[in-house]
Amino acid sequence: MQQLIRDSILKYLKNKEIDFVSIPVIMLTTPKNPAHGHLSTNIALQLSAIISDAPSNIAQFIVQEIEKKKPGIFDKIEVASPGFINFYFKNDVLYNILPEIITKKSQFGHSNIGQGEKVLVEFVSVNPTGPLHIGHGKCAVVGDSLSKILKAAGYEVSTEYYINDHGKQIDILGESVLVRYRQLLGEDIEFPANGYQGNYIVDLAKEIMNEYQEQFKGKNDQDTIHFFKDYAQQRILKDIKEDLFSFGVQFDNWFSEQSLYTENKVHPVIERLKKEGFVYLNKGALWFKSTDFGDEKDRVVIRKDGEATYFASDIAYHDDKYKRGFNILIDIWGADHHGYINRMKAAIQALGYAKDSFQVLLVQFVTLLQGGKAVGMSTRGGQFITLKDLLKEVGKDVARYFFLMYSHDSHTEFDLDIAKSQSMDNPVFYIQYAYARICSIIEKGRSKNIILIDQKKEQIDLKLLDKKEELELIKKMAYFKEVIERSALQRKPYLIASYLYELASLFHKYYTEYKVISEDRELSEARLYLIYAVKIVLENALTLLGIQAPEKM
RNA sequence: GCGCCUGUAGCUCAAUUGGAUAGAGCAACGGACUUCUAAUCCGUAGGCUGGGGGUUCGACUCCCUCCAGGCGCGCCA
């Protein structure tokens, strides 16, 4: 299609004896207004800015050229003021999508724009110092769903969780549990001011007490601290893994920060930066010149006390990602980490990698509403609603959809009351209900001996599908592939969620207006064929979001 | 103070990256079940896209400025 238009433009330029202009990317859009055709392009408007001719003249010419070449496909092609070209396909052409869907099944909508490029999506990566809360949940589904979408769009995707099992926060965690443990044994010691307050710390202390009784009473030596640190961290990590698993989020790899030190990967990277002249000594610490790449200030990589900073290991970590063969790194971070982007981008460039190969998706905060009031949350303060609690309240499907239904980029509200309601307020049920309805119709068809014939479309008269609602459904399904591509390229999983809702809505309308199974056998077969396609597309889209497609509700 | 994100119907959010008449859901009002599931559908009403300026055939979208909210601005992670 693009080529067709391009050729026409070239011919136009030749006729006009215009030497050379770079033709803009030819954008073909599917207009929201049906009166604007099935496909539309604004290319003539764009061209008229470059070459001096009225857009309508250019459009006219392109249309004539295309009509000469492809007389069979279009019902009509029209030029609309001020210079849009609107293409109307013959219904026959639209129908072609149905056998395609039914042949490709779960593969329908998939494409190869990713061209097998290796992408590493890193997300959640929460310190193992406390349970996952709702904000982490949003990051988790955004990352998980985006990975699935990228795969569907032809990228080779790996997912990874970076475990911050090194450094001060972990030390504080160990200390917090130890103090709680000793307090439980009746010792009168003060809880550290910067310690973790949550009840889960006390639970951990109790757990250790049950297992080891008074073995560590009064102790505060290195070995004891180390034991508590390890115990707490591993225990919490196990919970995190379980929570994510029950949320349908799985990782290809769990990467330990500590391993960067045991495998000596941090210091060589710093050395490399030093050699390139991006590192200098000041006030006893070693600084990375991130300002060379647009950061607002330089950053410490080795502290005065000789310890590498978190940033230093993060540089090594990202270097390692590239070394493992990934071309595109996508990190999904909570919005509170946005100040970190520039220094990381700087490091990427200093190491010689392309600036754009490292991309950060900032997930904005979630405000949880209950009874119309906001529920606060902070890990340190210990007051939060955990992901586990949320899953218990609303279930995996609802939670996932609510996190995916809006742009990850905007702060959203999660209304617990709506999420809990099994009513028409709840978009998840709306979509799943459409799927369940289709299943039940197909079942009815089977009972009446109208059986779906997968591959033999010649036995089905698709021309019978001429109702407005039917054509709308078909057009919507034909759009699915593009939605996946856009969603992947723009890194916006929520586009799938919106699409899903719209498709479900079209189906519900159709359902109310027309009977699929009737006395007319041929018509029933054609309509069954149609809704079978809808079923497949709904299922494929739901799969991308990690949401169940129930056959009965 | 500086930086990033956000501001669209009473509420929660969209708007195909600069396109055609700014759209959905909820809430409000009025309708539709002898039917393949009413967890559904149809209709009515609701807007100076935070304010102001600019760029052009065309702006919610880009630029400038102001206002409001969120989040950052450690030799923490």
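Every chain is numbered from 1 and lettered A, B, ... according to where its sequence line falls, protein lines coming before strand lines.
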Subject >> Minimum-distance nucleotide (side-chain atoms of K283(A) versus A39(B), C75(B), C76(B)) >> reply: C75(B)

Original post:
Taking the side chain of N86(A) as heavy atoms from C-beta outward, which of C42(B), U12(B), A20(B) is closest to it?
Top reply: A20(B)

**OP:** Report the distance from atom CD of E502(A) to atom C1' of G23(B), rounded to the nearest whole Å.
**Re:** 10 Å

Original post:
Over how many whole Å does the gap from L500(A) atom CG to A24(B) atom P extend?
Top reply: 18 Å

**OP:** Would you say whether Y501(A) stacks on G25(B)? The test is a distance between ring centres of less than 5.5 Å and an angle between planes of less than 30°.
**Re:** no

**OP:** Between C57(B), U17(B), A15(B), spot the one nearest the side chain of T29(A), thanks.
**Re:** U17(B)

Subject >> Per-pair stack call H36(A) and A20(B), 5.5 Å, 30° >> reply: yes

**OP:** Using the P atom as the reference point in each nucleotide, state the distance between C60(B) and G51(B) in Å, no decimals.
**Re:** 11 Å

**OP:** Round to a whole Å and report the spacing from CG of L416(A) to P of C26(B).
**Re:** 20 Å

Original post:
Do the side chain of S410(A) and the main chain of Y406(A) share a donor and acceptor less than 3.5 angstrom apart?
Top reply: no

Original post:
For S48(A), which contact category applies under a 4.0 Å heavy-atom criterion: base, sugar-phosphate, or nothing?
Top reply: nothing

**OP:** Indicate, with a heavy-atom threshold strictly under 4.0 Å, whether S410(A) touches base, sugar-phosphate, or nothing.
**Re:** sugar-phosphate

Subject >> Pairwise P distance for G19(B) and C63(B), with rounding to whole Å >> reply: 15 Å

Original post:
Regarding K289(A) and the six-membered ring of F278(A), is the cationic atom NZ or CZ under 6.0 Å from the ring centre and inside 45° of its axis?
Top reply: no

**OP:** Have a look at A434(A) and say if it touches a base, only the backbone sugar-phosphate, or nothing, with a 4.0 Å heavy-atom cut-off.
**Re:** nothing

Subject >> Atom-to-atom span, CG of D165(A) to P of C76(B) - whole angstrom >> reply: 18 Å

Original post:
When you check the gap from the basic side-chain N to the acidic O, do R521(A) and E525(A) get nearer than 4.0 Å?
Top reply: yes

**OP:** Quick one: label A335(A) by what it contacts on the DNA or RNA (base, sugar-phosphate, nothing), any heavy atom closer than 4.0 Å.
**Re:** sugar-phosphate

Original post:
Y401(A) OH to G25(B) P: how many Å, rounded?
Top reply: 12 Å

Original post:
Looking only at side-chain N and O atoms, does R437(A) come under 4.0 Å of OP1 or OP2 in A39(B)?
Top reply: no

**OP:** Tell me the partner of G72(B), counting only Watson-Crick (N1-N3 plus N6-O4 or O6-N4) or G-U wobble (N1-O2 and O6-N3) with both under 3.5 Å; none if nothing fits.
**Re:** C2(B)

Subject >> Side-chain donor/acceptor of S40(A) to base of A20(B), under 3.5 Å >> reply: yes

**OP:** Answer yes when E470(A) and R527(A) have at least one side-chain N-carboxylate O distance shorter than 4.0 Å, and no when they do not.
**Re:** yes

**OP:** In whole angstrom, give me the gap between the C1' atoms of G46(B) and C11(B).
**Re:** 12 Å

Original post:
What integer distance in Å separates Y514(A):OH from C33(B):P?
Top reply: 18 Å

Subject >> Minimum-distance nucleotide to H338(A) side chain [options: A14(B), G3(B), G19(B)] >> reply: G3(B)

**OP:** In whole angstrom, give me the gap between the C1' atoms of A20(B) and C64(B).
**Re:** 28 Å

Subject >> Neighbour count >12 (heavy atoms, 6.0 Å) for atom CD, Q490(A) >> reply: yes

Subject >> Inter-nucleotide C1' distance (A59(B), A68(B)), Å rounded >> reply: 22 Å

Original post:
Does atom NZ of K304(A) have more than 12 heavy-atom neighbours from other groups under 6.0 Å away?
Top reply: no

Original post:
Taking the side chain of N164(A) as its heavy atoms from C-beta onward, which of A77(B), C75(B), C36(B) lies nearest to it?
Top reply: A77(B)

Subject >> Strand partner of G19(B), provided both Watson-Crick or wobble distances fall under 3.5 Å >> reply: C57(B)

Original post:
Do the side chain of K492(A) and the base of U17(B) come within less than 3.5 angstrom through a donor-acceptor pair of N or O atoms?
Top reply: yes

Original post:
A32(B) and A38(B): how far apart are their C1' atoms, nearest whole angstrom?
Top reply: 9 Å

Original post:
Between K321(A) and E122(A), does at least one N-O distance fall below 4.0 Å, as a salt bridge requires?
Top reply: yes

Original post:
Starting at the 5' end of RNA chain B, which residue's closest nucleotide do you reach first, G284(A) or T412(A)?
Top reply: T412(A)

Subject >> C41(B) and U55(B), which share atom name C1', separated by this distance in whole Å >> reply: 46 Å

Subject >> Shortest side-chain distance from Y310(A), nucleotide among C5(B), A77(B), C36(B) >> reply: A77(B)

Original post:
At under 4.0 Å between heavy atoms, what does D336(A) touch on the DNA or RNA strands: base, sugar-phosphate, or nothing?
Top reply: sugar-phosphate

**OP:** May I ask you to say what H337(A) touches in the nucleic acid, namely base, sugar-phosphate or nothing, with a heavy-atom cut-off under 4.0 Å?
**Re:** base

**OP:** Tell me, please, whether F288(A) has R343(A) positioned over its six-membered ring: NZ or CZ under 6.0 Å from the ring centre and within 45 degrees of its axis?
**Re:** no

Original post:
Under 4.0 Å between a side-chain N or O of Y511(A) and OP1 or OP2 of A38(B)?
Top reply: yes

**OP:** Taking syn as within 90° of 0 and anti otherwise, name the glycosidic form of U34(B).
**Re:** anti

Original post:
Step by step, would you call Y401(A) with N426(A) a side chain to side chain donor-acceptor pair (under 3.5 Å)?
Top reply: CA-CA 10 Å; Y401(A) 191 85; N426(A) 196 324; over 6 Å; no

**OP:** Would you mind telling me which of U6(B), U21(B), C75(B) lies closest to the side-chain atoms of D409(A)?
**Re:** U6(B)

Subject >> Listed nucleotide nearest any side-chain atom of F429(A), set U21(B), C36(B), A39(B) >> reply: A39(B)

Original post:
When we call it a touch if two heavy atoms are under 4.0 Å apart, what does S407(A) touch: a base, just sugar-phosphate, or nothing?
Top reply: sugar-phosphate

**OP:** Using a heavy-atom cut-off of under 4.0 Å over every strand shown, decide if K509(A) touches base, sugar-phosphate, or nothing.
**Re:** sugar-phosphate

**OP:** Would you mind classifying the nucleic acid contact of D295(A) as base, sugar-phosphate or nothing, using non-hydrogen atoms under 4.0 angstrom?
**Re:** nothing

**OP:** Select base, sugar-phosphate, or nothing to describe what Q490(A) touches, counting heavy atoms under 4.0 Å on all strands.
**Re:** base

Subject >> Rounded distance in Å between the P positions of A77(B) and G70(B) >> reply: 28 Å

**OP:** Tell me what Y494(A) touches on the nucleic acid: a base, only sugar-phosphate, or nothing, going by heavy atoms under 4.0 Å.
**Re:** sugar-phosphate

**OP:** Assign each of A35(A) and E513(A) to its nearest nucleotide of RNA chain B by heavy atoms, then name whichever residue's nucleotide is nearer the 5' end.
**Re:** A35(A)

Original post:
Hey, is the side chain of K297(A) poking within less than 4.0 Å of OP1 or OP2 on C73(B), counting only N and O atoms?
Top reply: no

Original post:
Is K444(A) touching bases, backbone alone, or none of the nucleic acid, heavy atoms closer than 4.0 Å?
Top reply: sugar-phosphate

Original post:
Please give, in whole Å, the distance from G70(B) C1' to W333(A) CH2?
Top reply: 19 Å

Original post:
To the nearest angstrom, how far is I441(A) atom CD1 from U40(B) atom P?
Top reply: 15 Å

Subject >> Identified pairing partner of U44(B), criterion: Watson-Crick or G-U wobble below 3.5 Å >> reply: A28(B)

Subject >> N/O (side chain, R303(A)) to phosphate O (OP1/OP2, A77(B)) under 4.0 Å >> reply: yes

Original post:
If only side-chain N and O atoms of Y430(A) are considered, is one of them under 4.0 Å from the OP1 or OP2 phosphate oxygen of C41(B)?
Top reply: yes

Subject >> Within 6.0 Å of NZ in K475(A), more than 12 heavy atoms from elsewhere >> reply: yes

Original post:
Within the structure shown, what part of the strands sits under 4.0 Å from L45(A) by heavy-atom distance: base, sugar-phosphate, or nothing?
Top reply: base

